[in-house]
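All values below come from the heavy atoms of this structure, side chains included, with hydrogens, waters and symmetry mates left out.
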Amino acid sequence: STIPIAVGTAFGSIMRKEPRVTAVFFGDGATEEGVFHESLNFAALKKLPVVFVCENNLYSVYSPLKVRQPDGREIFKIAKAHGIASHQADGNDVVKVHRLAQRAVRRARQGDGPSFLEFATYRWREHCGPAYDNDLGYRIEDEFEQWRQRCPIETMKARLIADGTLAADAVDVMRSESRAEIEAAIEFARRSAAPDERLLTQDVYAP
């Protein structure tokens with residue numbers, strides 16, 4: 001449902017003559033919905049400033065790509081068939097993702113229309129939540145471990161340390177600071193009073 005909403009915000013930017021770019025992120029499963037095609041068609045027709053980002057992690061909840069789509073089909077080519085500038089890249093390569101994103105945003109700002117970016121990546125944890133769910137048996141441990149070795153954070157860290165941009169001990173400092181910030185936020189939430197029930201309907205309906 002976020003895909004047509006993103007197209008709507010991009011269309012609104014055009015109508016209001018605002019120099020904004022809308023980016024929308026979704027998984028490979030979302031490309032199997034009818035509204036995905038309707039949205040791409042409208043975005044291409046109106047040359048909207050929107051960047052579609054597909055995080056292809058090979059699964060839709062617990063269903064692998066192979067049981068949902070024909071063998072050999074590439075998602076970015078579906079978008080290309082709608083007349084949208086489309087690219088495919090390694091979603092675990094931070095530099096490649098950044099460069100493609102920059103190019104797509106630049107196109108949108110210049111009035112050249114939408115872009116579609118398909119990034120191959122992987123979901124290590126459960127579909128919804130922080131736990132691991134390999135015990136459910138929908139994927140094999142070997143596949144899981146192979147993708148885990150391609151962790152984008154660890155890969156980028158190693159690259160930055162190797163080229164001298166980042167010192168190894170600086171990583172420990174950043175992790176410690178981030179952990180302290182998270183723990184402080186959790187403690188603040190625990191000590192805070194519960195929200196007023198009247199806030200449930202505030203700003204939901206126009207007066």
Side-chain angles (χ1 to χ4, degrees), residues 1-61 73-123 127-128 152-153 155-156 159-160 165 174 177-178 181-182 185 188-189 195 198-207:
S1 60
T2 58
I3 299 174
I5 292 173
V7 169
T9 63
F11 191 38
S13 296
I14 290 291
M15 294 178 69
R16 291 191 293 266
K17 301 186 185 305
E18 296 174 344
R20 293 182 175 179
V21 175
T22 298
V24 58
F25 299 82
F26 48 89
D28 47 285
T31 67
E32 296 156 12
E33 300 290 339
V35 73
F36 167 75
H37 300 277
E38 296 167 6
S39 297
L40 263 61
N41 180 71
F42 188 78
L45 177 67
K46 300 296 183 180
K47 296 186 70 174
L48 299 182
V50 57
V51 179
F52 299 98
V53 184
C54 176
E55 299 170 305
N56 185 351
N57 62 20
L58 309 178
Y59 291 91
S60 177
V61 190
R73 173 187 285 173
E74 295 182 287
I75 295 175
F76 83 105
K77 290 184 178 179
I78 298 175
K80 188 175 182 179
H82 281 282
I84 292 178
S86 304
H87 305 277
Q88 183 186 59
D90 180 0
N92 285 8
D93 188 318
V94 176
V95 175
K96 288 182 180 178
V97 170
H98 183 257
R99 286 173 179 167
L100 276 178
Q102 277 188 318
R103 187 191 308 174
V105 170
R106 190 181 306 116
R107 285 189 77 260
R109 290 197 191 283
Q110 292 173 346
D112 294 330
S115 294
F116 184 93
L117 309 178
E118 179 190 357
F119 293 121
T121 188
Y122 198 74
R123 187 189 78 226
H127 176 64
C128 294
I153 296 175
T155 302
M156 191 63 186
R159 180 184 297 182
L160 293 175
T165 302
M174 286 189 286
E177 291 175 346
S178 296
E181 184 179 350
I182 293 169
F188 173 77
R198 289 172 296 182
L199 295 175
L200 286 170
T201 56
Q202 184 174 316
D203 300 322
V204 175
Y205 300 102

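- Here the straight-line distance linking atom CZ of F25 with atom CG of L117 works out to 9.0 Å at 0.5 Å rounding.
- Sequence neighbours left out, the pairs with a member in residues 15-26 that pass salt bridge (charged side-chain N to carboxylate O under 4.0 Å, His left out) are R16-E18, E18-R20.
- Residues satisfying the side-chain hydrogen bond (donor to acceptor under 3.5 Å, both in side chains) criterion with T155, sequence neighbours excluded, are absent altogether.
- Contact detail for V21 and V105: the closest heavy-atom pair is CG2-O, 4.1 Å.
- Every residue meeting the side-chain hydrogen bond (donor to acceptor under 3.5 Å, both in side chains) condition with T121, not counting sequence neighbours, appears here in chain and number order: N92.
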Considering only distance and modelled atom types, tabulate donor-acceptor pairs under 3.5 Å from the side chains of residues 43-60, sequence neighbours left out.
{"unit_1": "N56", "atom_1": "OD1", "unit_2": "L58", "atom_2": "N", "d": "3.1"}
{"unit_1": "N56", "atom_1": "ND2", "unit_2": "E118", "atom_2": "OE2", "d": "3.0"}
{"unit_1": "N57", "atom_1": "OD1", "unit_2": "Y59", "atom_2": "N", "d": "3.1"}
{"unit_1": "Y59", "atom_1": "OH", "unit_2": "E143", "atom_2": "OE1", "d": "2.7"}

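- Classified by interplanar angle (parallel below 30°, tilted 30° to 60°, perpendicular above 60°), the ring pair F116/F36 is perpendicular.
- With sequence neighbours excluded, the residues that form a side-chain contact (heavy atoms from CB on, under 4.5 Å) with N41 are H82.
- When the salt bridge (Lys or Arg N to Asp or Glu O under 4.0 Å) test is applied to K96, no partner is found at least two apart in sequence or on another chain.
- Not a single side-chain hydrogen bond (donor to acceptor under 3.5 Å, both in side chains) links H87 to another residue, sequence neighbours left out.
- Shown here for T22 and A6, the closest heavy-atom pair between the two residues is CG2-O, 3.5 Å.
- Between I84 and S86, the shortest heavy-atom distance links the atoms O-OG, 2.8 Å.
- Rounded to the nearest 0.5 Å, atoms CD1 (I78) and NZ (K80) are 13.5 Å apart.
- R123 meets the side-chain hydrogen bond (donor to acceptor under 3.5 Å, both in side chains) test with Y138; sequence neighbours excluded.
- For L200, the CG atom counts as densely surrounded, since its 6.0 Å shell holds more than 12 non-hydrogen atoms of other residues, nucleotides or ligands.
- With sequence neighbours left out, E33 forms a salt bridge (Lys or Arg N to Asp or Glu O under 4.0 Å) with no residue at all.
- Applying the salt bridge (charged side-chain N to carboxylate O under 4.0 Å, His left out) test to pairs two or more places apart or on separate chains, none has a residue in residues 103-117.
- Take E38 and apply the salt bridge (Lys or Arg N to Asp or Glu O under 4.0 Å) test, not counting sequence neighbours, and it matches no residue.
- Take A89 and apply the side-chain contact (heavy atoms from CB on, under 4.5 Å) test, not counting sequence neighbours, and it matches L100, F119.
- Taking 4.0 Å as the cut-off between side-chain N and carboxylate O, R159 and D93 count as a salt-bridged pair.
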